[in-house]
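So the structure is just underneath, and the comments pick up after that.
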Protein chains: 4
Amino acid sequence: MSPRPARVLRGRAGDDPATALREHLIATARDLLAQRAVSTLTTRQLARAARVSDGVLYNHFADKHDLLVTALVRDYAERAGGFPATLPEAGSGNVEENLCECARAVRRVVGDVLPTAAGLVSEPALLHRFLRALHSDPLGPGLLIDPLVEHLTAEQHLGRLGPGDPRPAATLLFGAMVLLTAGELLDPGAARADDTRDTDDHVRSVVRTLLHGLAPGRDPSASS
Amino acid sequence: MSPRPARVLRGRAGDDPATALREHLIATARDLLAQRAVSTLTTRQLARAARVSDGVLYNHFADKHDLLVTALVRDYAERAGGFPATLPEAGSGNVEENLCECARAVRRVVGDVLPTAAGLVSEPALLHRFLRALHSDPLGPGLLIDPLVEHLTAEQHLGRLGPGDPRPAATLLFGAMVLLTAGELLDPGAARADDTRDTDDHVRSVVRTLLHGLAPGRDPSASS
Amino acid sequence: MSPRPARVLRGRAGDDPATALREHLIATARDLLAQRAVSTLTTRQLARAARVSDGVLYNHFADKHDLLVTALVRDYAERAGGFPATLPEAGSGNVEENLCECARAVRRVVGDVLPTAAGLVSEPALLHRFLRALHSDPLGPGLLIDPLVEHLTAEQHLGRLGPGDPRPAATLLFGAMVLLTAGELLDPGAARADDTRDTDDHVRSVVRTLLHGLAPGRDPSASS
Amino acid sequence: MSPRPARVLRGRAGDDPATALREHLIATARDLLAQRAVSTLTTRQLARAARVSDGVLYNHFADKHDLLVTALVRDYAERAGGFPATLPEAGSGNVEENLCECARAVRRVVGDVLPTAAGLVSEPALLHRFLRALHSDPLGPGLLIDPLVEHLTAEQHLGRLGPGDPRPAATLLFGAMVLLTAGELLDPGAARADDTRDTDDHVRSVVRTLLHGLAPGRDPSASS
DNA sequence: TATGAATGAGTTTTCATTCAT
DNA sequence: CATGAATGAAAACTCATTCAT
């Protein structure tokens, strides 16, 4: 009485067969999205990669964009949703080290999310649908910045950071990490064996600069 | 019996007609690139816009990508090449105001360059060729960061900024501007009438935070 | 352990469920055929409209065409079958008025049947099957003409029409009505508010011409 | 300096190469339209039949419908445009024979035009574009009826036909011919060796009936 | 060397039909 | 028998590239 399952799902059990293939398609799309840019993905490639016939897509999604946006949102939600948990506890250890750990967390999530996000820029229709989907989800545009701001605020309340609006500070830290990530993405040739070490030095110096500021008359060596 | 010049160039004199048409195509491509995304640009549109026949392109460039990359590089070179001149003179006026002006200059150039650059992500082949072209040109990847670093170094020598590596500071400032710009590009709906003012407030607060740092025990109100 | 009846027929009793669903599909197809053209009807639309699963069709009909032809024949049979009863009684009232009423009856049935029939032309396979089905049914091609011929014959026997073969007369009347109907179908824009009146004037003048003939030496005004 | 000609046109000379392929496509479409119904024609079939690549169509026409409508109009124009010339001269020979000749002319043109026209019914979009094209051409919807009306009028002025509106008479004659034609088109099996003879008898009896009318008190034998 | 029509592989999407359940 | 998802062969249309002139 149930319809025939897709060949590719033969042998699996326990799933709701109605949603199993839908999920399979989303998963396949995410896989491909991690390799190629959105706009280079064809429905044919998708079907081939999912080991499924050309038409299935349209049994589960309104059109190609519908599947793509769904996969994109799912991807973003999972990657960005885990971000807050990767931030260190405010008050623990030492402030600078904490900030470095924050910066590394940002770098990780940006590394995950940036390639896909950048690919969206050239597909205005897709971008629009993606942003609408994000806004109607609990995933707001502040999903990544806000936890950082909260961390800084918490450290302020603990007296471990000075007063002042933490949001520009978060922007500075976040932006610097975006830049480092983008640089590496654009120029993979620069990635060397000692890459991690170098990168971490970058992170640390950025954090220190942010902590002590550029203005003269302060002794940054005090906390190093 | 010299070869027939393209119709669109009839009447011009003095130029080498061969390079004239090449330049004309590059200029047209740049014009279109400022309007549409790279991936949506067809050779036909290009030919029509250049008032030239569909095939000429292949007499002057290896293929469509070759023309596009050339136009992209040219565009980047001009926009980014003009950037240093838009930075204020170190030592003039007041340091904070100078930094704000630097930040605004960064925002302008990023606003010019980011949309096109982001569009490249979805065309991996193009992106690769673009990056190779950039590296073989004098236009290194530091084209935008280095002038900023120099400005900061100059202010340090004048004693108007504290000691320390100016490069992470430049990264922080630059990254924050990228973030602001990207936010506006992605969410044009957030652009309001008071947009300029808001944005400038953002810029100023970012600069102040960068100047005074996050560490406690410093009175940021002193210099505001 | 009798087979499960289709959801849409649950609760009905007394019918043979096998033929009930068959009839339900035919009825649904007729409904849709009255709205859309044959060639635009998909099996999916049919199944949805019948509130039945996509595959049932193939349990009761050889294929889509089989169902469609069956529905088409059924439709034609009912519309054309009702036609004789809509003709006026020979001998009643006045001959001209009776002929007008015949003409109107023809127009009605043609209006019902022509759109569907014309739509068949673009589906040669369907058309062929349809015609074969018609011929094997008691529904011959004379189904519409013959009753008209009989009416004329009856009026002849009553001495209210002159002698001569009534079949060409029926052809003339029928053909004129087909023309009027086709004209309106092809050019719906010509339909005005006073449409009914105009059309009826057309019908009347056609009937009068048919009654009195074109040959000279006859005073058509005598019977007007 | 001229672009490369289509392979299929190699060797021909004298034509304007720009319009040669356009005409070739129209001609091919007309050929196919004479065999298959409009809606069953695919762009692929068209290209194959024209011995031309799949895409050429779009170099000369906005889309498939554009080509089809153009072919349809061209076809109609040529077939229907020649119709008036095939009518006999009013006043020549004998009236009845003249009317029979008119009827035969109508039958010919209807036989040419009806199959194609009927196929249009199931393609509302195409039908609409076709009708619009017809109306903007000198080819009005009266193109076929009007010459017939004029013939009758001329015969009236010569005193060879009685008075009265000739238009309903034209409608009757035309409609009867449409019916005869449609019957033969729908039921090609009825076409026999003696077909022409039979058909001609039909035509003659229809014309006589039209001439003498149905009303009693007239002696139709007088003119037979 | 400029022209611009011809080429044909490639794109997204539809849909009649099948078939495991 | 009913179910309805899977199938895959089209469909219309696009576009980078070629090439006779």
Side-chain angles (χ1 to χ4, degrees), chain A residues 1-10 17-22 41-47 52-65, chain B residues 1-10 17-18 21 41-48 52-60 62-65, chain C residues 1-9 17-18 21 41-48 52-60 62-65, chain D residues 1-10 17-18 20-22 41-47 52-65:
Chain A
M1 279 148 225
S2 298
R4 158 173 58 143
R7 263 204 300 274
V8 72
L9 296 178
R10 269 321 141 66
T19 62
L21 189 49
R22 187 182 158 90
L41 258 190
T42 72
T43 55
R44 198 84 64 113
Q45 285 173 337
L46 247 147
V52 135
S53 74
D54 283 3
V56 251
L57 192 161
Y58 298 90
N59 289 329
H60 298 275
F61 300 90
D63 55 12
K64 183 197 181 191
H65 276 187
Chain B
M1 261 316 186
S2 65
R4 170 166 57 132
R7 261 205 302 274
V8 71
L9 296 178
R10 291 278 166 75
L21 188 42
L41 206 55
T42 71
T43 53
R44 200 101 104 176
Q45 287 172 336
L46 245 150
R48 296 281 181 276
V52 138
S53 71
D54 285 6
V56 252
L57 191 159
Y58 297 89
N59 292 324
H60 298 274
D63 56 12
K64 183 197 180 193
H65 277 187
Chain C
M1 262 317 187
S2 63
R4 171 166 56 131
R7 263 205 303 273
V8 72
L9 296 178
L21 188 43
L41 204 57
T42 71
T43 54
R44 200 102 104 179
Q45 287 173 336
L46 245 148
R48 296 280 181 278
V52 137
S53 72
D54 283 7
V56 252
L57 192 158
Y58 296 89
N59 291 324
H60 298 274
D63 56 11
K64 183 198 181 191
H65 276 186
Chain D
M1 279 149 227
S2 299
R4 156 175 58 145
R7 262 204 299 274
V8 72
L9 296 178
R10 265 330 137 67
L21 189 48
R22 185 182 159 91
L41 259 190
T42 71
T43 54
R44 195 86 64 113
Q45 285 174 337
L46 248 149
V52 135
S53 73
D54 284 4
V56 248
L57 193 159
Y58 298 92
N59 289 331
H60 298 273
F61 299 90
D63 55 12
K64 184 198 180 191
H65 277 188

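On a predicted model such as this, the values are computed, not experimentally measured, just so you know. Naming: A, B, ... by sequence-line order, numbering from 1 per chain.
When the side-chain nitrogen and oxygen atoms of C/His60 are compared with OP1 and OP2 of F/dA2, one or more of them lie within a distance under 4.0 Å. Between C/Ser53 and F/dT3, a side-chain N or O to OP1/OP2 separation shorter than 4.0 Å is present. Regarding contacts with the backbone of E/dT17, a side-chain N or O of C/Tyr58 is found under 4.0 angstrom from either OP1 or OP2.
As a whole-Å value, the separation of C/Asn59 CG from F/dG4 P is 13 Å. Atom CG of A/Leu57 and atom C1' of E/dC15 are 15 Å apart (whole Å). Counting to the nearest Å, the P atom of F/dA9 and the CZ atom of D/Arg44 are 12 Å from each other. Taking atom CZ of C/Arg48 as the reference point, atom P of E/dA16 lies 12 Å away to the nearest angstrom. If you measure from atom CD of B/Gln45 to atom P of F/dT14, you get 12 Å, rounded to the nearest angstrom. The NZ-P distance, from C/Lys64 to E/dA16, rounds to 4 Å in whole Å. Rounded to whole Å, atom P of F/dA11 lies 14 Å from atom NE2 of D/His65. Computed from coordinates, the B/Leu21 CG to E/dT3 P distance equals 7 Å when rounded to whole Å.
Judged by distance alone, the side chain of D/Thr42 and the main-chain N or O of D/Gln45 form a donor-acceptor pair under 3.5 Å.
Each of C/Gly55 and D/Gly55 has a nearest nucleotide on DNA chain E; the 5'-most of these lies closest to D/Gly55. Position along DNA chain F of the nearest nucleotide to C/Asp54 versus D/Thr42 favours C/Asp54 as the more 5'-ward residue.
A/Thr43 comes within 4.0 angstrom of a nucleotide base, judged by non-hydrogen atoms across all strands. If you check every strand for non-hydrogen atoms under 4.0 Å, B/Leu41 touches sugar and phosphate atoms only.
With F/dA2, F/dT18, E/dT14 as the candidates, the nucleotide lying closest to the side chain of C/Val56 is F/dA2.
Annotation for C/Leu41 and C/Lys64: closest pair O-NZ, 2.8 Å, computed over non-hydrogen atoms. Residues D/Arg22 and D/His60 share a closest heavy-atom pair of NH1-O, 3.0 Å. Of all heavy-atom pairs between A/Ala47 and A/Ser53, the closest is CB-O, 3.8 Å. In this structure, C/Tyr58 and C/Thr43 approach most closely via the heavy-atom pair OH-CG2, 4.1 Å.
Of all nucleotides present, only F/dT3 satisfies the Watson-Crick or G-U wobble test against E/dA20, with each distance under 3.5 Å.
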